[in-house]
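Naming: A, B, ... by sequence-line order, numbering from 1 per chain.
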2 protein chains.
Amino acid sequence: MSKHALEEASDNGATDLEDLIGYNLKRAYIIVQSGFRDAQGEGGFSPRVFTALALTVKFPNITQSALARKMGIERSGLVAIVDELESKALLARARVPGDRRVQALVPTEAGQQAYDAAMASVRAHEQDVFSNMSESEKKTLLDLLRKVRKNEVS
Amino acid sequence: MSKHALEEASDNGATDLEDLIGYNLKRAYIIVQSGFRDAQGEGGFSPRVFTALALTVKFPNITQSALARKMGIERSGLVAIVDELESKALLARARVPGDRRVQALVPTEAGQQAYDAAMASVRAHEQDVFSNMSESEKKTLLDLLRKVRKNEVS
DNA sequence: TATTGTTATACTCTATAACTATA
DNA sequence: TATAGTTATAGAGTATAACAATA
């Protein structure tokens with residue numbers, strides 16, 4: 001141990017909240033989510049509803065259980081989300097021949113358009129909230145966040 | 001516009017959820033927070049209680065209003081958090097001579113020790129959840145997350 | 001027996017509004 | 001008038017457990 005006494009306190013990493021990745025991740029996420037809601041405005045999509053619509057557009061005919069799994073939530077929690085999107089006629093629950101238990105989720109034309117518009121607004125919001133970062137820095141952040149996800153044990 | 005037609009769809013950035021920083025931020029945060037709770041175990045600190053204790057240790061005699069501001073929550077929401085920490089005798093609400101409205105939060109000896117132990121466990125958890133990343137990558141991620149926070153408008 | 005969608009229910013986190021006691 | 005702490009209340013978001021229909 002050749003370090004000075006004053007340095008010993010942080011020998012093994014963070015002793016301060018501000019040095020924790022998790023803490024900074026939370027604070028950054030709160031900022032981005034809050035901006036997302038502002039960008040969507042009154043009657044706009046909440047993050048989870050936007051995610052559900054986006055995945056339905058990307059994977060048409062996905063079942064509710066599969067969508068819940070992809071979103072990382074319980075399938076019971078998805079019911080209200082799909083109800084909301086169906087009530088706005090942005091997607092439909094379609095019967096599947098061959099397995100009468102499942103409901104295939106299919107985006108409507110209006111759903112596709114609403115998704116495109118919402119995505120444009122989200123992109124504009126991200127331009128704004130990350131406006132102090134270069135394209136290269138944003139790419140690095142994206143890659144590192146993906147790497148965190150990739151290491152998930154579950 | 002010299003790009004191929006197939007590339008035009010993503011000319012201005014993300015068209016896919018997976019290309020949004022916000023979405024990846026959320027997913028990464030859920031993983032880290034969930035691991036935090038597992039690491040703390042039964043009867044352990046929730047993220048927000050840990051944060052409140054950490055800030056009280058760092059800034060002894062901070063008022064409840066100031067702590068709430070630092071945490072980014074309403075002061076009404078802090079009451080239950082401080083109640084919990086006080087009921088476990090980890091901090092005390094102290095009267096302040098000169099202004100009888102305020103309550104200065106002071107960590108107890110047990111609070112300091114509980115904080116040290118919890119922080120050690122959080123550090124171990126972060127070693128684990130970011131085990132596929134180099135020290136350099138973790139440092140970069142931390143710096144970029146701080147940069148996001150630094151750009152906050154509000 | 002297992003799975004899909006659903007309902008009922010409860011818990012956590014947070015916000016808003018109003019109250020009190022002070023300043 | 002304004003601020004600190006508090007209470008009451010409501011709204012998201014999520015989870016668990018149970019159920020009917022179907023496999």
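A/Asp116 is linked by a side-chain contact (heavy atoms from CB on, under 4.5 Å) to A/Gln112, counting only residues two or more places apart in sequence or in another chain. Looking at residues two or more places apart in sequence or on another chain, you find a salt bridge (charged side-chain N to carboxylate O under 4.0 Å, His left out) between A/Glu135 and A/Lys138. A search for side-chain hydrogen bond (donor to acceptor under 3.5 Å, both in side chains) contacts involving A/Lys70 returns nothing, not counting sequence neighbours. Partners of B/Ala110 according to the side-chain contact (heavy atoms from CB on, under 4.5 Å) rule, which considers only residues two or more places apart in sequence or in another chain, are B/Leu90, B/Thr108. In this structure, the side-chain contact (heavy atoms from CB on, under 4.5 Å) partners of A/Ser134, at least two apart in sequence or on a different chain, are A/Ser136, A/Glu137. The side-chain hydrogen bond (donor to acceptor under 3.5 Å, both in side chains) check on B/Tyr29 picks up B/Gln33, with sequence neighbours excluded.
Sorted by residue number, the members of residues 55-93 of chain B with any non-hydrogen atom under 4.0 Å from DNA chain D read B/Thr63, B/Gln64, B/Ser65, B/Arg75, B/Ser76, B/Val79, B/Arg93. Against DNA chain C, the stretch residues 41-52 of chain A makes no heavy-atom approach under 4.0 Å. Listed by residue number, B/Arg37 are the residues of residues 29-37 of chain B with a heavy-atom contact under 4.0 Å to DNA chain C.
Within the structure, salt bridge (Lys or Arg N to Asp or Glu O under 4.0 Å) pairs that include any residue of residues 74-86 of chain A comprise A/Asp83-A/Arg93, A/Glu84-A/Lys88, A/Glu86-A/Arg93 (at least two apart or interchain). Pairs of residues two or more places apart, or lying in two chains, that qualify as side chain to side chain donor-acceptor pair (under 3.5 Å) and include a residue from residues 95-104 of chain A are A/Asp99-A/Arg101.
One distance of note links CZ of B/Arg123 with CD of B/Glu126; it measures 10.0 Å at 0.5 Å rounding.
Distance, A/Gln103 CD to C/dT6 C1': 10 Å, rounded to whole Å.
Side-chain proximity of B/Arg101 to the nucleotides C/dT4, C/dT14, D/dA4 is greatest for D/dA4.
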Do any side-chain atoms of residues 41-53 of chain B form donor-acceptor pairs under 3.5 angstrom with protein atoms, and if so which ones, sequence neighbours left out?
residue	atom	partner	partner atom	Å
B/Ser46	OG	B/Val49	N	3.4
B/Thr51	OG1	B/Pro47	O	2.9

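Between A/Val102 and B/Arg100, the residue anchored closer to the 5' end of DNA chain C is A/Val102, taking for each the nucleotide with the nearest heavy atom.
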